[in-house]
Amino acid sequence: MANKADKVKARLPRGLVDRHAADIRATDKMLAAIREVYERYGFDPVETPMLEYTDALGKFLPDQDRPNEGVFSLQDDDEQWMSLRYDLTAPLARHVAENFNEIQLPYRTYRAGYVFRNEKPGPGRFRQFMQFDADTVGAPSVAADAEMCMMMADVMEALGIARGDYIVRVNNRKVLDGVMEAIGVTDEGQKLAILRAIDKLDKFGVEGVKLLLGEGRKDESGDFTKGAGLNDNQIDRVLKLVAPVVGTRLELQYFMSGAVHGSDIGLEGVGELDQIGELIEAAKYSDRIRIDPSVVRGLEYYTGPVFEVELTAEIPNEKGEIVRFGSVGGGGRYDGLVSRFRGQPVPATGFSIGVSRLMTALKNLGKLGEGDVLAPVLVTVMDGDMEAMGKYQDFTQKLRAAGIRAEMYQGNWKKFGNQLKYADRRGAPLAIIQGGDERANGEVQIKDLIEGKRLSGEIESNEEWRASRPAQVTVKEEDLAAKVREMLDQQAQDRAGGA
RNA sequence: GCGGUCGUAGCUCAGUUGGUUAGAGCGCAGGAUUGUGGCUCCUGAGGUCGUAGGUUCGAUCCCCACCGACCGUACCA
């Protein structure tokens, strides 16, 4: 045993979490619900490893021979850099490119898994988290993008989020590029600054974005963020496109066309968005999916339509404060990602659901069915001789054979009180008890711990509490499993009635 | 990354203008009770006061650095 001085300190690296039973079960349920939707849409699963060669992830800075910050990287024994994946899209592109001849396009596929980002963690932001993606590779038409949006909406509802408590917003990168072209912005750095500013619309409002598009903005801590440096005319034109617009699809189209006037790429984007709008209307999804020119969605590889699903319901956080939860998933068209590995163009579109983040939201909304796994029935140990122990083991197996979660007490059985205390804290619904007297009669006692707890409020003295043996019934050994089942069913009914 | 607030028992927090032995509640363990959870009572374990330097006769307290948490901001493929 290590002495005190050289004990290793047990500590979790920052930004990572251990997951407990309730979390894991809830995640499993969520994944199953999402998978069901993807399967219904005709998507098939595929899985890739967590590690990839770093260049396949595309994260080398041009002037460095080390991988970019933000990814966890390590060097293989042949000195090649490998990295933990930071999303599921780049590995999919690699997989498709590598198996191009075997894969039938359009390839409709989904996968779930952990991704890793070496960034500053925050509330609801971790360095390892789970995503659940769906993509269609080899489909150039906006119909594939429209399908993605509809599938995202269906996923939200499959998770129990009511229509109106979420919204899928769609934009097109070409529209944003178009307006920047139209106002004469050519510098890449300035373009990025503009996109970042637009992305902050829901955080800082129109006024904040205005500052960020122009000179810059000072935050509460006194820190100054340099702006994109646009002049007033340019700012007006960007804000006109991006600030909230209401209207019919045709009005919106007219309006956006005006904003990108003079840019061919912009007009193309407006046309694509309009087609998506038409498809969505035809499929009766207009109340769930909205064209919104302010969606930016990442900065790098998207080439066309981009979309984002956002929770709009008022969600209390752990402290009971109402917070805007924001985006829980998103995606878009990335026509360049696969072709990076191959000479020919390979169009693709897809999206990603942030499982960990969504789960926090569902938990705070109270829509996570956590408590529905019942703790096991506890078979207590009264006597330690082999005959008695054999009986207890037999009871336990009979319960299991009847499909009932059951365990035999494995701690120090000599303190019987501790066994019931254990059962109580574990949340066991029933305890099975057989001492020498019962054994002689071929009987066994079943104690209803839930009913017993209720009765405890009416009993004052400990002597009476112990002597009365509340909520206990005696049955023949051979009737044990049937009676346990009956009592569990009764408890389930009481729970349903009480809830 | 930048700016701010903070770090005392498993948890929530007192406390010391720099002074001997750092406390409470809750929780945990044992007992009152060798075959019955809760309640009540008794007893106990658990702290190098985030870590490492510095100032000082003396530091949990003052100074510096680092680590970590939280808030804002930047970045987020």
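Proteins get letters first, then strands, A, B, ... in listed order; numbering begins at 1 in each. The model shown is predicted, which means the values in this text are computed figures rather than measured ones.
- By the 5.5 angstrom centroid cut-off and the 30-degree plane limit, A:Tyr86 is classified as stacked against the base of B:rA77.
- Rounded to whole angstrom, the span from the CD atom of A:Glu463 across to the C1' atom of B:rG37 amounts to 15 Å.
- On a pure distance criterion of 3.5 Å, a polar donor-acceptor pair joins the side chain of A:Gln472 and the base of B:rU36.
- The residue among A:Arg125 and A:Asn462 whose nearest nucleotide of RNA chain B is located toward the 5' end is A:Asn462.
- Atom CD1 in A:Ile450 sits roughly 15 Å away from atom C1' in B:rG38 (whole-Å rounding).
- The CD-P distance, from A:Gln131 to B:rC76, rounds to 16 Å in whole Å.
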Query raised in the report: What's the verdict on salt bridge (Lys or Arg N to Asp or Glu O under 4.0 Å) for A:Glu215 and A:Lys226, showing C-alpha distance, side-chain angles and the deciding distance?
Result: CA-CA 6 Å; A:Glu215 290 304 306; A:Lys226 196 168 177 300; over 6 Å; no
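- Ion pair A:Glu308/A:Arg297 flagged as a salt bridge, since at least one NZ, NE, NH1 or NH2 atom sits closer than 4.0 Å to an Asp/Glu carboxylate oxygen.
- Using a 4.0 Å heavy-atom cutoff across all strands shown, A:Gly417 reaches sugar-phosphate atoms only and no base atom.
- RNA chain B is contacted by both A:Phe116 and A:Phe204; A:Phe204 maps to the nucleotide lying nearer its 5′ end (nearest heavy atom per residue).
- Spacing between B:rG18 and B:rG31 at atom P, rounded to whole Å, works out to 46 Å.
- Among the nucleotides B:rG37, B:rU36, B:rA77, the one closest to any side-chain atom of A:Gln445 is B:rU36.
- For A:Glu438 against B:rG35, a side-chain-to-base donor-acceptor contact under 3.5 Å is present.
- Using a 4.0 Å heavy-atom distance criterion, A:Gln419 is classed as making no nucleic acid contact.
- Taking 4.0 angstrom as the limit, A:Arg425 places a side-chain polar atom (N or O) nearer than this to OP1 or OP2 of B:rC28.
- Note on A:Lys226: nothing from the nucleic acid sits closer than 4.0 angstrom, heavy atoms only.
- Using a 4.0 Å heavy-atom distance criterion, A:Arg469 is classed as a base contact.
- What separates CG of A:Leu455 from P of B:rU36 is a distance of 17 Å, to the nearest Å.
- At a threshold of 4.0 angstrom between heavy atoms, the contacts of A:Tyr334 with the nucleic acid are absent.
- For B:rU33, neither phosphate oxygen OP1 nor OP2 lies less than 4.0 angstrom from any side-chain nitrogen or oxygen of A:Arg466.
- Counting only N and O atoms by type, the side chains of A:Tyr334 and A:Asp135 include a donor and acceptor under 3.5 Å apart.
- Judged by Watson-Crick or G-U wobble contacts below 3.5 Å, the nucleotide B:rA14 has no partner.
- The side chain of A:Arg117 approaches B:rC76 more closely than any other nucleotide in the set B:rG37, B:rG30, B:rC76.
- A donor and an acceptor atom sit less than 3.5 Å apart, one in the side chain of A:Lys120 and one in the base of B:rG72.
- Between A:Trp465 and B:rG37, a side-chain N or O to OP1/OP2 separation shorter than 4.0 Å is present.
- For the pair A:Arg94 and A:Phe341, the cation-pi test (distance below 6.0 Å, angle within 45°) is failed.
- Residue contacts shown for A:Lys200 are limited to sugar-phosphate atoms, with no base heavy atom under 4.0 Å away.
- For A:Arg196 and B:rC76, the shortest distance from a side-chain N or O to OP1 or OP2 is below 4.0 Å.
- Checked against the 6.0 Å centroid threshold, A:Phe129 and A:Tyr114 do not count as a close aromatic pair.
- Between A:Asp448 and A:Gln491, the side chains place a donor N or O and an acceptor N or O closer than 3.5 Å (distance only, hydrogens not considered).
- The base-pairing partner of B:rA69, taking Watson-Crick or G-U wobble contacts with both distances under 3.5 Å, is B:rU5.
- The nucleotide B:rC28 finds its pairing partner in B:rG44, both defining distances of the Watson-Crick or G-U wobble pair being shorter than 3.5 Å.
- A:Lys414 comes within 4.0 angstrom of sugar-phosphate atoms only, judged by non-hydrogen atoms across all strands, and of no base.
- Between A:Lys415 and B:rG30 there is no side-chain polar atom (N or O) within less than 4.0 angstrom of OP1 or OP2.
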